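Step one of this worksheet: look at the structure below.
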2 protein chains.
Amino acid sequence: MAIHKKESFSQKEQDLAAFAKALAHPARIAILKVLAQRNECICGQIVDILPLAQSTVSQHLKELKTAGLINGTVDGPRSCYCINWKAFDKFNEEFSFLFNKLKVQNEKACC
Amino acid sequence: MAIHKKESFSQKEQDLAAFAKALAHPARIAILKVLAQRNECICGQIVDILPLAQSTVSQHLKELKTAGLINGTVDGPRSCYCINWKAFDKFNEEFSFLFNKLKVQNEKACC
DNA sequence: TTCTTTAATCGTATATTTGCGATATAAGAT
DNA sequence: ATCTTATATCGCAAATATACGATTAAAGAA
């Protein structure tokens with residue numbers, strides 16, 4: 001592909017895309033669902049639920065954390081994770097700003 | 001990676017992930033923004049705005065269309081696109097159902 | 001100290017995505 | 001019929017993502 005052009009887009013566009021990207025895998029959706037239901041979880045509990053190897057789950061958790069969707073803290077030999085609701089709120093807002101606001105003013109018939 | 005395991009997740013998880021995936025690139029966010037602002041656009045107008053080749057834009061449009069985020073109809077030699085607001089509403093709902101509802105009941109302190 | 005438990009990271013194979021030029025297609029204009 | 005315009009598709013190269021086993025790291029238990 002030669003060169004990636006992601007940088008040529010606005011920061012907001014990149015941020016929204018990055019958030020969406022973190023959600024763009026069913027395993028990560030499933031992880032978030034578990035965290036939402038239980039408020040917090042250690043990695044092992046998630047490994048027990050998902051049909052994936054420990055290393056794979058750990059990698060997905062890392063991506064979610066890097067993207068800012070979850071928080072994680074070390075607790076002895078284990079790691080505790082929970083959803084970063086503030087991030088969800090922020091992106092929900094950005095998303096609405098970009099689309100829903102515009103939607104109201106021009107949900108006309110189109111092609 | 002051997003085998004893809006996406007199939008082992010629930011349909012709703014897969015659907016949400018697929019929607020997010022369509023949003024997971026700044027170029028596609030930018031395209032949606034343009035469509036939201038102008039209600040409808042032909043491919044060439046988008047090509048003029050984005051810093052990408054015509055073939056690349058066409059590919060992104062195809063992905064958005066396949067994922068159901070936009071509608072597209074042939075209009076003589078050109079193609080007209082617009083946002084499929086119904087899809088946005090549907091996924092907004094799914095998303096809220098999965099996360100926001102749970103959020104209200106347990107936005108406790110966590111790790 | 002050594003053993004066990006828990007999780008992160010490394011290395012690697014494979015699949016998918018991104019991007020572009022070139023080409024094909026389709027319809028209106030000449 | 002040929003030319004022009006607008007877009008889709010093909011073929012390819014490079015970058016990323018996905019998945020897992022093996023290894024490492026870190027801390028509590030024996």
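Predicted, not measured: the structure shown is a model, and the values here were computed from it. Order of the sequence lines fixes the chain letters, A, B, ..., with proteins taken first and strands second; residue numbering starts at 1 for each chain.
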Pair of N/O donor and acceptor under 3.5 Å linking D/dA6 base with B/Gln54 side chain: no

Residue met sooner reading DNA chain D from 5', once B/Val47 and A/Pro51 are mapped to nucleotides: B/Val47

Is a side-chain N or O of [X] found less than 3.5 angstrom from the main chain of [Y], in a donor-acceptor match?
X       : Y       : answer
B/Asn84 : B/Gly68 : yes
B/Ser58 : B/Gln54 : no
A/Thr66 : A/Lys62 : yes
B/Arg28 : B/Lys21 : yes
B/Lys6  : B/Gln14 : no

C/dT17 OP1/OP2 closer than 4.0 Å to side-chain N/O of A/Lys21: no

C/dA7 OP1/OP2 closer than 4.0 Å to side-chain N/O of A/Ser79: no

DNA chain D contacts among residues 58-75 of chain B, heavy-atom distance under 4.0 Å: B/Ser58, B/Lys62

Please tell me which of the listed nucleotides, [options], lies nearest to the side chain of [X]?
X       : options                : result
B/Ser55 : C/dG21, C/dG19, C/dA7  : C/dG21
B/Pro77 : C/dG28, D/dT7, C/dG19  : C/dG28
B/Ala53 : D/dC20, C/dG21, C/dG19 : C/dG21

Can you tell me how far [atom2] of [N] sits from [atom1] of [X], to the nearest Å?
X       : N      : atom1 : atom2 : result
B/Gln14 : D/dT18 : CD    : P     : 14 Å
B/Ile42 : C/dA27 : CD1   : C1'   : 14 Å
B/Lys6  : C/dT14 : NZ    : P     : 18 Å
B/Leu50 : C/dC20 : CG    : P     : 11 Å
A/Tyr81 : C/dA7  : OH    : P     : 8 Å
A/His25 : C/dT16 : NE2   : P     : 11 Å
A/Arg78 : D/dA25 : CZ    : P     : 21 Å
A/Ile29 : D/dT18 : CD1   : C1'   : 16 Å

Plane angle bin for B/Phe9 and A/His25 - parallel if under 30°, tilted between 30 and 60°, otherwise perpendicular: perpendicular

A/Phe88 and A/Phe19 aromatic ring geometry - parallel, tilted or perpendicular at 30°/60° bounds: perpendicular

